[in-house]
S.K.: 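Below is the structure I would like to discuss, written out as structure tokens.
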Amino acid sequence: MARIQKDIVVDVPVSTVYDQWTQFESFSEFMEGVKEVVQLDEKRLRWLAEIAGKDEEWEAEITDQIPDRHIAWRSVTGAMNAGSVIFEPAGEGKTKVSLELTYEPRDAAEKVGDALGFLERRVSGDLERFKRFIESRGAPTGAWRGEIHGASVDKGAGTKT
């Protein structure tokens, strides 16, 4: 099992960063290799991405989501992967974004890529592109302010826009 952990400070407030991160369908705009993310419901996402030169598709479910603080997920089909992102105030309207991914390389190409640090560099680049994306906009493309705890979904006062 491989693990990647990366942090970045974004020059916008926590609520703006969090709200944009909940817009999973926009991930293809700043994540290298991500061709499409379709939000199936509040908890489930279908991903299509190019990994090690080939298209991979999988579904993931959000296992924990607390507005302005944390989102965690895990794959339910396809290659095993899981992760979490934590949002923390970093002073003066800035936000520290801490992303952690775990995954199981499935074949020789993915194992070689992992050994050479390809995915780690891709994740660093994705965070840099996310930073530029949200800083240039100054506002999220939408928001979902509900909470998820395991099987429980509380839509709260927030809905997707």
Side-chain angles (χ1 to χ4, degrees), residues 1-8 14-15 17-88 95 97-127 129-130 133-134 140-161:
M1 185 75 70
R3 179 180 168 274
I4 297 172
Q5 198 284 318
K6 295 286 180 183
D7 302 325
I8 196 165
V14 169
S15 61
V17 174
Y18 173 85
D19 287 349
Q20 184 59 55
W21 200 276
T22 67
Q23 301 307 290
F24 305 108
E25 292 182 346
S26 73
F27 280 13
S28 63
E29 296 183 51
F30 54 83
M31 288 190 172
E32 183 181 348
V34 173
K35 294 183 172 186
E36 181 181 56
V37 179
V38 176
Q39 185 145 12
L40 303 170
D41 59 30
E42 287 91 352
K43 286 185 53 121
R44 295 180 314 119
L45 308 165
R46 185 175 59 242
W47 290 74
L48 175 61
E50 183 180 316
I51 299 173
K54 58 187 176 202
D55 285 352
E56 298 282 345
E57 191 168 341
W58 69 94
E59 284 189 21
E61 73 173 354
I62 298 168
T63 57
D64 191 56
Q65 184 166 344
I66 302 168
D68 298 335
R69 294 184 45 209
H70 182 248
I71 301 172
W73 64 90
R74 67 178 178 87
S75 63
V76 293
T77 66
M80 198 307 291
N81 69 83
S84 69
V85 61
I86 296 171
F87 308 91
E88 299 174 286
T95 304
V97 178
S98 300
L99 178 64
E100 182 176 316
L101 299 172
T102 57
Y103 62 97
E104 188 66 50
R106 296 196 308 180
D107 62 21
E110 289 180 18
K111 289 176 182 170
V112 167
D114 182 55
L116 295 174
F118 289 139
L119 188 57
E120 189 164 344
R121 284 191 299 280
R122 181 179 271 189
V123 169
S124 292
D126 290 345
L127 285 175
R129 285 184 293 278
F130 174 75
F133 180 85
I134 191 60
T141 59
W144 191 76
R145 308 289 296 169
E147 290 196 25
I148 297 173
H149 303 284
S152 171
V153 176
D154 177 2
K155 294 182 183 178
T159 59
K160 269 193 144 167
T161 56

S.K.: In this structure, which one of Thr77, Val38, Leu45 forms a side-chain contact (heavy atoms from CB on, under 4.5 Å) with Glu59?
M.R.: Thr77
S.K.: Quick check against the 3.5 Å criterion: does Asp126 have a side-chain atom that pairs as donor or acceptor with the backbone of Glu32?
M.R.: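 It does hold such a pair.
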S.K.: Minimum heavy-atom separation for Thr22 and Trp144, please, with both atom names.
M.R.: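 For Thr22 versus Trp144, the nearest heavy atoms are OG1-N, 3.2 Å.
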S.K.: Measure from the side-chain N and O atoms of Asn81 to the backbone N and O of Ala79, and report whether any donor-acceptor pair falls under 3.5 Å.
M.R.: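 Checking the backbone N and O of Ala79 against the side chain of Asn81, a donor-acceptor pair under 3.5 Å is found.
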S.K.: Check whether any side-chain heavy atom of Val97 lies under 4.5 Å from a side-chain heavy atom of Val17, and answer yes or no.
M.R.: yes
S.K.: Quick check: does any side chain N or O of Lys35 sit under 3.5 Å from a backbone N or O of Glu56, one acting as donor and the other as acceptor?
M.R.: no
S.K.: Within the structure provided, determine whether Phe130 and Phe27 are in side-chain contact (heavy-atom separation under 4.5 Å).
M.R.: no
S.K.: Give the C-alpha distance, both sets of side-chain angles, the deciding distance and a yes or no for side chain to side chain contact (heavy atoms under 4.5 Å, CB included) between Lys6 and Glu120.
M.R.: CA-CA 9 Å; Lys6 295 286 180 183; Glu120 189 164 344; 3.1 Å; yes
S.K.: Side-chain donor-acceptor pair under 3.5 Å between Asp7 and Ser98, yes or no?
M.R.: yes
S.K.: Hey, what do you get for CD1 (Ile4) to CZ (Arg122), rounding to the nearest 0.5 Å?
M.R.: 10.5 Å
S.K.: Does a side-chain N-to-carboxylate-O contact under 4.0 Å join Glu36 and Arg46?
M.R.: no
S.K.: Salt bridge or not for Arg145 and Asp19, using N-O below 4.0 Å?
M.R.: yes
S.K.: For Tyr18 versus Ile66, what's the shortest heavy-atom pair and its separation?
M.R.: CE1-O, 3.7 Å
S.K.: Show your working on side-chain hydrogen bond (donor to acceptor under 3.5 Å, both in side chains) between Gln20 and Thr141 and close with a plain yes or no.
M.R.: CA-CA 6 Å; Gln20 184 59 55; Thr141 59; 3.1 Å; yes
S.K.: Closest approach of Val85 and Trp73, non-hydrogen atoms and distance?
M.R.: N-CZ3, 3.9 Å
S.K.: Of the non-hydrogen atoms in Glu42 and Ile148, which two are nearest, and what is the gap between them?
M.R.: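 Distance-wise, the nearest heavy atoms are O-CD1, 3.4 Å.
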S.K.: Enter the distance from Asp68:CG to Ile86:CD1 here, rounded to the nearest 0.5 Å.
M.R.: 14.0 Å
S.K.: Can you confirm whether Phe30 sits close enough to Leu127 that some side-chain heavy atom of one is under 4.5 Å from a side-chain heavy atom of the other?
M.R.: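 A side-chain contact is absent here, since even the closest heavy-atom pair is not under 4.5 Å.
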S.K.: Can you tell if the side chain of Val123 reaches within under 4.5 Å of the side chain of Leu101, non-hydrogen atoms only?
M.R.: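 Yes; the side chains approach each other to less than 4.5 Å.
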S.K.: Looking at Arg44 and Asp41, what are the two nearest heavy atoms and their distance?
M.R.: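 Heavy-atom minimum between the residues: N-OD1, 2.8 Å.
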S.K.: To the nearest 0.5 Å, what is the distance between CZ (Phe133) and OG (Ser26)?
M.R.: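 Between Phe133 CZ and Ser26 OG, I get 5.0 Å after rounding to 0.5 Å.
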S.K.: For the atom pair CZ (Arg69) and CZ (Phe87), what is the distance rounded to the nearest 0.5 Å?
M.R.: 12.0 Å
S.K.: With heavy-atom distances below 4.5 Å as the criterion, would you say the side chains of Val34 and Phe24 are in contact?
M.R.: no
S.K.: Show the nearest heavy-atom pair for residues Thr95 and Val14, with the distance to one decimal.
M.R.: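 Looking at all heavy atoms of both residues, the closest pair is OG1-N, 2.9 Å.
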S.K.: Is the closest side-chain heavy-atom distance between Glu57 and Asp55 below 4.5 Å?
M.R.: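 No - every pair of side-chain heavy atoms lies 4.5 Å or more apart.
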S.K.: Charged N to carboxylate O under 4.0 angstrom, Lys155 versus Glu147?
M.R.: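 The answer is no: the pair does not qualify as a salt bridge.
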S.K.: Flag the pair Ser84 / His70 as yes when at least one side-chain heavy-atom distance between them is below 4.5 Å, and no otherwise.
M.R.: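 In short, these two side chains touch, coming nearer than 4.5 Å.
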S.K.: Show your reasoning for whether side chain to side chain contact (heavy atoms under 4.5 Å, CB included) applies to Gln23 and Glu25.
M.R.: CA-CA 6 Å; Gln23 301 307 290; Glu25 292 182 346; over 6 Å; no
